[in-house]
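Everything below concerns the one structure shown next.
Throughout, protein chains are lettered first and strands after them, A, B, ... in sequence-line order, and every chain is numbered starting at 1.
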Protein chains: 4
Amino acid sequence: MTDVGHNSVSKDQLRSIIERIEHEEEAKKVITDDIKDIYSEAKGNGYDVKALRTIVRMRKQDAGERAEQDAILETYMNALGMLA
Amino acid sequence: MTDVGHNSVSKDQLRSIIERIEHEEEAKKVITDDIKDIYSEAKGNGYDVKALRTIVRMRKQDAGERAEQDAILETYMNALGMLA
Amino acid sequence: MTDVGHNSVSKDQLRSIIERIEHEEEAKKVITDDIKDIYSEAKGNGYDVKALRTIVRMRKQDAGERAEQDAILETYMNALGMLA
Amino acid sequence: MTDVGHNSVSKDQLRSIIERIEHEEEAKKVITDDIKDIYSEAKGNGYDVKALRTIVRMRKQDAGERAEQDAILETYMNALGMLA
DNA sequence: CGGACAAGTTTGCCAC
DNA sequence: GTGGCAAACTTGTCCG
């Protein structure tokens, strides 16, 4: 390899970095699939997946933040006459 | 309350589903953070993070590439009546 | 080209189909970009883009359907003690 | 009502934004439907829709491919200090 | 912090 | 009509 610029890049070090990342990403994929399985199973038991996701999202969302979002929405909806 | 879907949602079953998902998502977050750490560490060692991400992405694509090509071939063969 | 199966595909006809589709997709992309521009401009005028998107989505959604979704959500939230 | 953000949201301005977006989205839907029609017509003429979609997708990728390659090259050159 | 990029989520379509 | 595949939209993250 031609040595360009700073380039004291150890081939082995670079390979190690890449492989560590790829290893983690595989692990992440496993978990992602597990989550999908849980939703699928729930669906099989009659649950509404979209609603479940909404619940999970809401619980993750900070309460104050949620109120803030609601307030903005309400402001706009009111301006548009979408409220009562 | 209006009865939606099969309903008579078991509180415990629902809670179990939600908590299993949240547990998996926490595990996923740990891994996501690990990946970020690896990139940060690499950056500290003088690597260009954007380039690293590009490499990882390319290797992922290359992996999928072969399958993609095969799928295309099969599609055409099927369209031409060369399969079964 | 080898004549396989039914294959009386006119090269010109195929090309025409493909190009018509690609032409439409370009037009679609223009509109998509226009929409992005409107949101950007609104953002520049101090609007909350996320809230705007929510409004648009809600107005698109049928009222009855929305109530249905809300009912499911409420059922779950109640089961989890997220209400009151 | 709570004052959110800059607020004093002009009802007319907001309505205008929303309606412009909705107008564009309708236009987009028309095009989307046109595309569907083209595929349907092609199907009626004996074409394999899945294969057509594959072709369109591939041609789009090929177009982006060159730009992608250039971007990768630039990224590396930049990382190696060969730019600027 | 603003704009680009990537990830994740949702929706639509086609085959079975 | 269900489940898997692919497109589109949304959200979040990262770099400048």
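Among the candidates D:R53, D:R59, D:K60, the single residue satisfying the salt bridge (charged side-chain N to carboxylate O under 4.0 Å, His left out) test with C:E22 is D:R59.
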For nucleotides 11-16 of chain F, tabulate all protein N/O to nucleotide N/O atom pairs closer than 3.5 Å, reporting atom names and distance.
none

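Among the atoms of the strands shown, only primed sugar atoms or phosphate atoms (P, OP1, OP2) are found under 4.0 Å from some heavy atom of A:K28.
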* Evaluate side chain to side chain contact (heavy atoms under 4.5 Å, CB included) for A:N45 paired with A:E41, printing each intermediate quantity in order. => CA-CA 6 Å; A:N45 290 335; A:E41 178 194 329; 4.3 Å; yes
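Note: NZ (A:K60) to P (E:dA7) measures 16 Å, nearest angstrom. If you take CD1 of C:I35 and P of F:dT10, they are 9 Å apart, rounded to a whole angstrom. The distance from atom CD of B:E25 to atom P of E:dA7 is 17 Å, rounded to the nearest whole Å. Residue C:I55 contributes atom CD1, which lies 14 Å from atom P of F:dT10 at whole-angstrom precision. Summarising the geometry, the separation between CE on A:M58 and P on E:dT9 is reported as 17 Å, rounded to the nearest angstrom. Between A:Q61 atom CD and E:dT9 atom P the separation is 14 Å, expressed in whole Å. One can place CG of C:D62 at 17 Å from C1' of E:dT11, the figure rounded to the nearest angstrom. To the nearest angstrom, P of F:dA8 lies 17 Å from CD of D:E24.
In summary, B:R15 and B:D12 do not engage in a salt bridge, as defined by a charged side-chain N under 4.0 Å from a carboxylate O.
In summary, the side chains of A:Y47 and B:Q13 do present a donor paired with an acceptor at a separation below 3.5 Å, with no hydrogens or angles considered.
When every heavy atom of B:L52 is checked against every heavy atom of B:A42, the shortest pair comes out as CD1-CB, 3.6 Å. Across all non-hydrogen atoms, the minimal contact from B:E24 to A:I31 is O-CG2, 3.3 Å.
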